[in-house]
Amino acid sequence: MRLSKIFIPTTKEAPADAVIPSHVLMMRAGMIRPLAAGIYSFLPFGYRMIKKVCEIIRREMDAIGGQEFHLPALNPKEIWEKTGRVEAFGDILFHVKNRDYVLAPTHEEIIAEIAANHVKSYRDLPQIWYQIQTKFRNEPRPRSGVIRGRQFLMKDSYSLDRDWEGLDKSYELHAEAYRKIFSACKLKFFEVGASSGAMGGTGSQEFMVESEAGEDTCVICDNCGYAANVEIAKANSTPYKRDDNSESLKEIHTPNVKTIDELAEFLKIPTTKCAKSRVYIHNDTPILVLMLGNDEVNEEKLRIALGAGKIRPAHPEELSEITGADAGSIGPIETNLQIIADIKLKGANNMVSGANKNDYHISGIDFDRDLSNIKYYDIHYVQEGDLCVNCKSPLRVVKAIELGHIFKLGTKYSEALGAKFLDEKGEEHPIVMGSYGIGVERIIACLIEQNHDEKGIIWPKEIAPFQVHLIGVNMKNDEIRSTCEKLYFEMNESDIEVLYDDREDVSAGYKFNDADLIGIPLQVIVGEKNLAKNKVEIKHRATGNKKLVEIGLLIRTLQDELFLP
RNA sequence: CGGGGCGUGGCUCAGCCCGGUUAGAGCGCCUGGUUCGGGACCAGGAGGUCCCCGGUUCAAAUCCGGGCGCCCCGACCA
């Protein structure tokens, strides 16, 4: 491709509203342009990368027996009502104004509908159906360039199996395909178990990339590889170090002391001698939750600990009625509430907590001696430096971007939409489904997040829009031009993907900066002085290393560099 | 949805507080010329609904009110 012919509008400066590196560089390198909040046009250079990523995805999906579909984005609302997801998605679902249609945010319904009509026998199973298609979600706050958009490309696939064992297999096939896809994209990623949330189903896993721009928080053990979303992550908790003597209970007047920090300061004690109280409503029943010091309640863990049901924090106006005091003075002594305490508090003594009377606290609380109606669970968030549950190495807490998510759905959608099959005995069963997604633009954004410097993008050799960037330093020099043209022809003949900067009206420095910005892994620079010695220069974008090569050896050298046959 | 910020040629921004020449700069763009190994130089030129609507005023980019859009933080996120 000739740079004089392909539309790559690079810029020296980035728009002020681009904040994260991938967004800045995708703009500057002429890959994308914004149209509205969370909606981007992909320009030829950016779309070329999209196609590269899609190629890899298709290759791996086809390898596990996936069949590519192209489903409609415009869906009758009715089908979404059958599964209750008009309500479940709420404002996230785009509604069409002049007809009862919605814009699809995902495609479980459509897949189940097709299966309901056409998959009738166990002989038709299993199936893996996938597509790469535009999804629409009315995100309340799009952000970070293409990382969270209102319109985005998603590879979504769906497995149809006759039973749960089959689903396990399809699920594992996807997990393995996803590992291959992200590895082929040269991404440093990790996998975490995730809660399946409102999607329904029994198991789910996320594929994450560590990044400051991430919206999820994960816990990672660099030693043994343990990784989990902080919502469910566990750590090895050390038992509470009891004081030798337990003091007796004592009421203390603590005017205007509300927070744990204020309490610790007021009494001149460490926060770890304080127990923080939170009141939750579990299926209409209030419960008292106790945390050590300033630890926050991990509501997802609390939900799991309590088993079935809904939980919510009590409203401030409810507190006084339930406990006799307002937030800041609530505690475990003299209460009838079921107490749920974090595991870190087990065995604690000489603790201070609220007195259930405004402006009073109680000291000398011995959890073993004084509290009977109490259960202990791990309900705190793992913190940086806590020790790994497996190997007791210090854990890291990191921000991460979710690249892919795989779900065991079960029969929720097949039952709602009547997707059933007959087994060998002629008995009818709902199809067991799985659903699996990859954010295509996110792969590209993550690639850039992981591979860039102050000058621009650094594409890995294995996945780059082009492999070689051929630069004629001065195209008005006839020798340079004819050499470039010859090399360009030879590279094309050798199936080397080459971007050829044949622009006449651009200075050398401009070309070099553009080349570093758009980040093709190898640059071949044809300049006057080296040409006189019958040589050209190869520069590695990643390292900046340069070497001179005889023109006659260039193609072979490039092939070696690019691991081509 | 709560908090904060912003909106002026294609881009980055100044001007606004304290209303008053023809609304500026750098980059980019066009024409011609000179350059040609790290975003060159000279000369000439094009390009503006100062986000929109309303108000105040002799006079509004500037002050006031309303709206819209965009960004950031938070909440939310199958």
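Just so we're on the same page: letters track the sequence lines, and every chain starts at 1. All figures in this text were calculated on a predicted structure; none of them were measured in a lab.
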Report yes or no: is the cationic atom of Arg48(A) (NZ for Lys, CZ for Arg) closer than 6.0 Å to the six-membered ring centre of Phe466(A), at no more than 45° off its axis?
yes

[N] to [M] separation - [atom1] atoms, rounded to the nearest Å:
N	M	atom1	answer
rC29(B)	rG48(B)	C1'	15 Å
rC64(B)	rG19(B)	C1'	13 Å
rA23(B)	rG38(B)	C1'	36 Å
rG26(B)	rG33(B)	P	24 Å
rG24(B)	rA61(B)	C1'	12 Å
rU62(B)	rU21(B)	C1'	16 Å
rG3(B)	rA46(B)	P	47 Å
rC6(B)	rC13(B)	C1'	12 Å

Just call it for [X]: base, sugar-phosphate, or nothing, with non-hydrogen atoms closer than 4.0 Å on any strand.
X	result
Pro140(A)	base
Ser144(A)	sugar-phosphate
Pro34(A)	nothing

Between His107(A) and Lys135(A), is any pair of side-chain heavy atoms under 4.5 Å apart?
yes

What is the distance from [atom1] of [X] to [atom2] of [N], rounded to the nearest Å?
X	N	atom1	atom2	result
Asp91(A)	rC76(B)	CG	C1'	11 Å
Glu13(A)	rA25(B)	CD	C1'	12 Å
Arg143(A)	rA75(B)	CZ	C1'	10 Å
Asn138(A)	rC1(B)	CG	P	10 Å
Arg312(A)	rC76(B)	CZ	P	15 Å
Arg150(A)	rC77(B)	CZ	C1'	13 Å
Arg141(A)	rA75(B)	CZ	C1'	10 Å
His23(A)	rC72(B)	NE2	P	8 Å

Give a yes or no answer on whether the side chain of Glu60(A) reaches the backbone of Ala177(A) with a donor-acceptor pair at less than 3.5 Å.
no

Just by modelled atom types, is the Ile379(A) backbone N or O under 3.5 Å from a matching donor or acceptor in the Asp295(A) side chain?
no

Per the side-chain contact (heavy atoms from CB on, under 4.5 Å) rule, which among Val53(A), Val146(A), Thr134(A) passes with Val440(A)?
Val53(A)

Counting only Watson-Crick pairs (N1-N3 plus N6-O4 or O6-N4) and G-U wobbles (N1-O2, O6-N3), all under 3.5 Å, who is the partner of [N]?
N	result
rA40(B)	rU34(B)
rC11(B)	rG26(B)
rG47(B)	none
rC16(B)	none
rG2(B)	rC73(B)

Donor-acceptor contacts, no H, no angles, side chain residues 514-527 of chain A, under 3.5 Å, sequence neighbours left out:
unit_1	atom_1	unit_2	atom_2	d
Asp514(A)	OD1	Thr10(A)	OG1	2.8
Asp514(A)	OD2	Thr10(A)	OG1	3.3
Asp514(A)	OD2	Arg503(A)	NH1	3.4
Asp514(A)	OD2	Arg503(A)	NH2	3.0
Asp516(A)	OD1	Gln523(A)	NE2	2.9
Asp516(A)	OD1	Lys539(A)	NZ	3.0
Asp516(A)	OD2	Lys539(A)	NZ	3.3

Let me spell it out: for each of Tyr40(A) and Glu139(A), pick the nucleotide of RNA chain B with the closest heavy atom. Which residue's pick is nearer the 5' end?
Tyr40(A)

Toward the 5' end of RNA chain B, which comes first, Glu215(A) or Ala18(A), by nearest nucleotide?
Ala18(A)

Mark up nucleotides 29-39 of chain B, 5' to 3', with B wherever a protein heavy atom is under 4.0 angstrom from a base atom, S wherever such an atom reaches only the sugar-phosphate, and - elsewhere.
------BBBBB

Apply the test side chain to side chain contact (heavy atoms under 4.5 Å, CB included) to residues Met291(A) and His380(A): give CA-CA distance (whole Å), side-chain angles for both, the deciding distance (0.1 Å), then the verdict.
CA-CA 8 Å; Met291(A) 303 299 292; His380(A) 60 271; 3.7 Å; yes

Under 3.5 Å, is there a donor on one side chain and an acceptor on the other for Ser159(A) and His174(A)?
no

State whether a side-chain donor-acceptor pair under 3.5 Å links His23(A) with Ser144(A).
no

Positive for ring pair (Phe, Tyr, Trp, His ring centres under 6.0 Å) with Tyr178(A), one of Tyr171(A), Tyr130(A), Phe207(A):
Phe207(A)

Where Asn75(A) and Pro72(A) come nearest, the two heavy atoms and their spacing
ND2-O, 3.0 Å

Protein-nucleotides 43-48 of chain B N/O pairs under 3.5 Å:
none

